[in-house]
Structure formats: structure tokens, C-alpha cells
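Notes follow the structure.
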Amino acid sequence: MNSGAGFGNLLVLALPLALLAFLVLSQRKRGRQTQDFQAGLTVGDKVVLTSGLYGTIITLDDVTATLEIAPGVQVRVDRRAIGLKQPGADTVTDATPEVD
């Protein structure tokens, strides 16, 4: 007579476990994507740091990267601070307006 209550109890237990499994799997996927991105970085890539700083990779090793952020200005940063490759890096132009 009380078979519905057993299924309800099972559902209450299964839903949080399913949510936890989903969170763990999605975190692993994000970690894998980050590792692939970091492994794919090469000298000459135009990148954006997590702080919003734009630059071009000059040197790269396992821990650090040296970026040129302006002609003749180089900064050394932790490689993990590189957030993404510059969108439209091939078509970047000087955004300074011309003064007549």
C-alpha cells in the first residue's frame, strides 16, 4: 500500500546525488579545457590576461610567460593568468581616433 512513499524517499536521495555528479563532471570538463588551452599557447599569440591586459607572447616556459604589452614594454606574468586568446587577433587595428 505504501509503495509511493518508498519511491519518493529514493527520489529525494537521488536528486542531490545526481546534482553533485553533474557538478563534478562539469568541473572536470572545465579543467580539461583549461589544460588544453594552456598547452596550445605559443610564442606570437595575442592574448588577454585575466586582469584584462592585452599583449603578445614573447617567451613562454612551464610557469611564466613574457608579454609585450606595448612596443618595447615587456612584462613577465604567471602563465595561469592568461585567460584567452585575443578575439579577432588577425584583424586588430589601432583604435586611436585620428585628429584633424
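None of the values given here were measured: they were computed from a predicted structure.
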First locate atom [atom1] of [X], then atom [atom2] of [Y], and finally report the distance between them rounded to the nearest 0.5 Å.
| X | Y | atom1 | atom2 | answer |
| --- | --- | --- | --- | --- |
| I82 | L41 | CD1 | CG | 5.0 Å |
| K85 | T42 | NZ | OG1 | 5.5 Å |
| T64 | R79 | OG1 | CZ | 9.0 Å |
| L53 | L67 | CG | CG | 7.0 Å |
| L15 | L19 | CG | CG | 8.5 Å |
| I58 | Q74 | CD1 | CD | 5.5 Å |

>> If hydrophobic clusters are built by linking Ile, Leu, Val, Met, Phe, Trp and Tyr wherever their side-chain heavy atoms come under 4.5 Å apart, do L84 and V75 end up in the same one?
In response: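 Each belongs to a different hydrophobic cluster.
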>> Quick check: is I69 connected to I57 through a chain of hydrophobic side chains (ILVMFWY, heavy atoms under 4.5 Å apart)?
In response: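 Yes, because I57 and I69 connect within a single hydrophobic cluster, where side-chain heavy atoms sit under 4.5 Å apart.
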> Would you say E68's side chain and G72's backbone share a donor-acceptor pair under 3.5 angstrom?
Replying inline: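 Confirmed, E68 side chain pairs with G72 backbone.
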Any idea which heavy atoms bring [X] and [Y] closest together, and the distance?
| X | Y | result |
| --- | --- | --- |
| R80 | Q38 | CA-NE2, 4.1 Å |
| V43 | T59 | CG2-CA, 4.3 Å |
| Q86 | Y54 | NE2-CD2, 3.0 Å |
| L60 | A65 | CD1-CB, 3.6 Å |
| G40 | D45 | O-OD2, 4.0 Å |

> Does V77 reach the side chain of L49, with side-chain heavy atoms less than 4.5 Å apart?
Replying inline: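 The answer is yes; the side chains approach within 4.5 Å.
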> Would you say the side-chain atoms of Q27 and R30 include a donor-acceptor pair closer than 3.5 Å?
Replying inline: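 Q27 vs R30: donor-acceptor pair found between side chains.
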